[in-house]
Amino acid sequence: GSFFATQTSAIPLPKLFFIGGIRGLRGMSEPEVVGPTRTLLSGEWRWYAIRNLDWDLSLIRVRGLQPVIFADLGYVSSGIESVPDVRDWLSDVGTGLRLHMDALGIRPMVARFDLAQRTDTYYRGEGKPDTRFYVFMDQSF
């Protein structure tokens, strides 16, 4: 996303793009990098470990279990420019678990448990990378 033909200073802070957190780079705090232009690439590989579960936990009924492996790559800049050098991109890798369920009568819901490690600090020589754990629940359509 980007704001075209707009002065960066004219964009209100809540409208700027950020990178980090469960809906961005999972290996970073939210929001760690903020700007008017954002590029984000995410890839996940999911498979069903257990497809036809029927665990009744009173208010929640678990229907399936999916492990996941993921990688995220993103960049936030202060304006529209050419593609930045690969050393300026932020990245992370991680693993997680998806619980497919019915919760409080709402079906289908997905609970996401992700453990992500920031990797761009390795090739920059900035020391030990951050590791983040996220728990997130949403409804899939």
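Heads up: numbering here begins at 1 and tracks the sequence. Everything numeric here is computed off the predicted structure, so don't read it as measured data.
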If Ile, Leu, Val, Met, Phe, Trp and Tyr residues are connected whenever their side-chain heavy atoms lie under 4.5 Å apart, and connections chain through other members, are Phe133 and Met137 in the same group?
-> yes

Looking only at non-hydrogen atoms, find the nearest pair between Leu40 and Gly24 and report the distance.
-> CD2-CA, 3.7 Å

Results of salt bridge (charged side-chain N to carboxylate O under 4.0 Å, His left out) for Asp54 - residues two or more places apart only | Arg61, Arg63

Residues in salt bridge (charged side-chain N to carboxylate O under 4.0 Å, His left out) with Arg46, at least two apart?
-> Glu44

Establish whether Leu115 and Phe70 are linked, either directly or via other cluster members, by ILVMFWY side-chain heavy-atom contacts under 4.5 Å.
-> no

How many angstroms lie between CG in Asp138 and CE in Met109, if you round to the nearest 0.5 Å?
-> 7.0 Å

Co-members of the apolar cluster containing Trp47 [side chain, <4.5 Å] = Trp45, Ile69

Return the minimal non-hydrogen interatomic distance between Asp114 and Val68, and the atom names on each side.
-> OD1-CG1, 4.2 Å

Supply the atom-to-atom distance Leu73 CG to Leu25 CG, rounded to the nearest 0.5 angstrom.
-> 7.5 Å

Roughly how far apart are Thr95 OG1 and Gln117 CD, rounded to 0.5 Å?
-> 12.0 Å

Of all heavy-atom pairs between Ala116 and Gly27, which one has the smallest distance, and what is that distance?
-> CB-N, 3.6 Å

Determine the interplanar angle of the Tyr48 and His100 rings, folded into 0 to 90°, and report it as parallel if under 30°, tilted if 30 to 60°, perpendicular if over 60°.
-> tilted

Would you mind listing the cluster partners of Tyr134? Hydrophobic ones only (ILVMFWY), side-chain contacts under 4.5 Å, chaining allowed.
-> Ile22, Phe136

All side chain to side chain contact (heavy atoms under 4.5 Å, CB included) counterparts of Val62, not counting sequence neighbours | Leu53, Trp55, Leu57, Ile60, Leu99

List for me each residue that meets side chain to side chain donor-acceptor pair (under 3.5 Å) alongside Ser42, sequence neighbours excluded, and say none if there are none.
-> Asp72

Point-to-point distance, once rounded to the nearest 0.5 Å, from OG1 of Thr39 to CG of Leu90 = 11.0 Å

